[in-house]
Chemist: 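Input: one structure, supplied below.
Atoms within a ligand are numbered from 1 in the order they appear, just like the ligands themselves.
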Amino acid sequence: MSKIAFDGRHLTGEGVERLSRKLGDLGDIFSDKGAHAALPQGRLVYEVESVLPVKEGTEGGLFVGMTYIHPGKVGREYFMTKGHFHTIRNRAEVYIGIEGEGMLILMSEDRSRVWAEKMRPGSIHYIPGHTAHRTANTGNRILSFGAVWPADAGHDYATISENGFSKILVDMDGVPVLIDKP
Ligand code: M6P
Ligand code: ZN
């Protein structure tokens, strides 16, 4: 019997690590700085639960996680994850939509291409290597998805926090649209 399970709301079992990110932790990712500053900094944006069966950095190992993004917006931009490249750039990842509606936003390593895939319950997304990835909740309830990634992939957040993605996902009359970063 597996020692970890998803009970429909959370990962349960031994060794589940949890982290949460609040608006105050995410000042550098949203483009409308005024709208960000006006919101309560303690508001929860997303939570991540992960299981690391092997030591971080183990070649050939896999990690598994669940991410839960709350509904909300900062200005016209949807609540979203920080986003990252993998430190070892060629490492890929798989996301599986579980609940709610969202968009997986992807960007090529040279920043010239940004595209998005719709996430919904049951959608499966292959994130190739050399591709930055972040997810946005475009609905009005929680967006949750599962992820599986190589144990040696690593998270490069610095490249994204310095330059962001070259396009942002905004609400245009109720429709999520990618536009050039203002
Ligand atoms: C997925 C995986 C995790 C990641 C999480 C949140 O579960 O890709 O590795 O940590 O999403 O994304 P971020 O780390 O960019 O905040
Ligand atoms: Zn990743």
Chemist: Answer yes if the side chains of Thr12 and His10 hold a donor-acceptor pair under 3.5 Å, and no otherwise.
Modeler: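 Checked: Thr12/His10 side chains show no N/O donor-acceptor pair below 3.5 Å.
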Chemist: Suppose clustering is done on Ile, Leu, Val, Met, Phe, Trp and Tyr with side-chain heavy atoms closer than 4.5 Å. Which residues sit in the same group as Val74?
Modeler: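 Members besides Val74, by chain and number: Leu19, Leu23, Leu26, Ile29, Phe30, Leu39, Val45, Tyr46, Val48, Ile69, Phe79, Met80, Tyr95, Leu104, Leu106, Trp115, Met119, Ile127, Leu143, Phe145.
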Chemist: Given a cutoff of under 4.5 Å between side-chain heavy atoms of I, L, V, M, F, W and Y, with clusters grown through shared members, what are the other residues clustered with Val94?
Modeler: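 Its cluster partners, ordered by chain and number, are Ile96, Ile124, Tyr126.
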Chemist: With no hydrogens and no angle check, do the side chains of His86 and His133 hold a donor and an acceptor under 3.5 Å apart?
Modeler: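 Yes, because at least one side-chain N or O of His86 sits under 3.5 Å from a partner of the opposite role on His133.
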Chemist: Distance from Asp180 atom CG to Lys167 atom NZ, nearest 0.5 Å?
Modeler: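 Answer rounded to 0.5 Å: 4.0 Å.
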Chemist: Going by side-chain contact (heavy atoms from CB on, under 4.5 Å), Tyr78 matches just one of Leu169, Ile168, Asn137. Which one?
Modeler: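 With Tyr78 as partner, Leu169, Ile168, Asn137 yield a single side-chain contact (heavy atoms from CB on, under 4.5 Å), made by Leu169.
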Chemist: Pairs under 3.5 angstrom, nitrogen or oxygen on both sides, ligand 1 versus protein: list them out, please.
Modeler:
unit_1: ligand 1; atom_1: 7 (O); unit_2: Thr67; atom_2: OG1; d: 2.7
unit_1: ligand 1; atom_1: 8 (O); unit_2: Glu93; atom_2: OE2; d: 2.6
unit_1: ligand 1; atom_1: 8 (O); unit_2: Tyr95; atom_2: OH; d: 2.8
unit_1: ligand 1; atom_1: 9 (O); unit_2: His155; atom_2: NE2; d: 2.7
unit_1: ligand 1; atom_1: 10 (O); unit_2: His155; atom_2: NE2; d: 3.4
unit_1: ligand 1; atom_1: 11 (O); unit_2: Thr67; atom_2: OG1; d: 3.3
unit_1: ligand 1; atom_1: 14 (O); unit_2: Tyr157; atom_2: OH; d: 2.5
unit_1: ligand 1; atom_1: 15 (O); unit_2: Gly83; atom_2: N; d: 2.9
unit_1: ligand 1; atom_1: 15 (O); unit_2: His84; atom_2: ND1; d: 2.9
unit_1: ligand 1; atom_1: 16 (O); unit_2: Tyr46; atom_2: OH; d: 2.4

Chemist: Verify the neighbour count for atom NZ of Lys181: are there more than 12 heavy atoms of other residues, nucleotides or ligands below 6.0 Å?
Modeler: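 More than 12 heavy atoms, drawn from other residues, nucleotides or ligands, come within 6.0 Å of this atom.
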Chemist: State whether Arg89 and Asp156 are salt-bridged, where the test is any N-O pair (Lys NZ or Arg NE/NH1/NH2 against Asp/Glu carboxylate O) under 4.0 Å.
Modeler: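 A salt bridge is present here (some side-chain N lies under 4.0 Å from a carboxylate O).
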Chemist: Is there a donor in the side chain of Glu93 and an acceptor in the side chain of His125, or the other way round, less than 3.5 Å apart?
Modeler: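 No, because no side-chain N or O of Glu93 sits under 3.5 Å from a partner of the opposite role on His125.
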Chemist: Tell me, which protein N/O/S atoms are under 2.8 Å away from the Zn ion (ligand 2)?
Modeler: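 Sorted hits: His84 NE2, His86 NE2, Glu93 OE1, His133 NE2.
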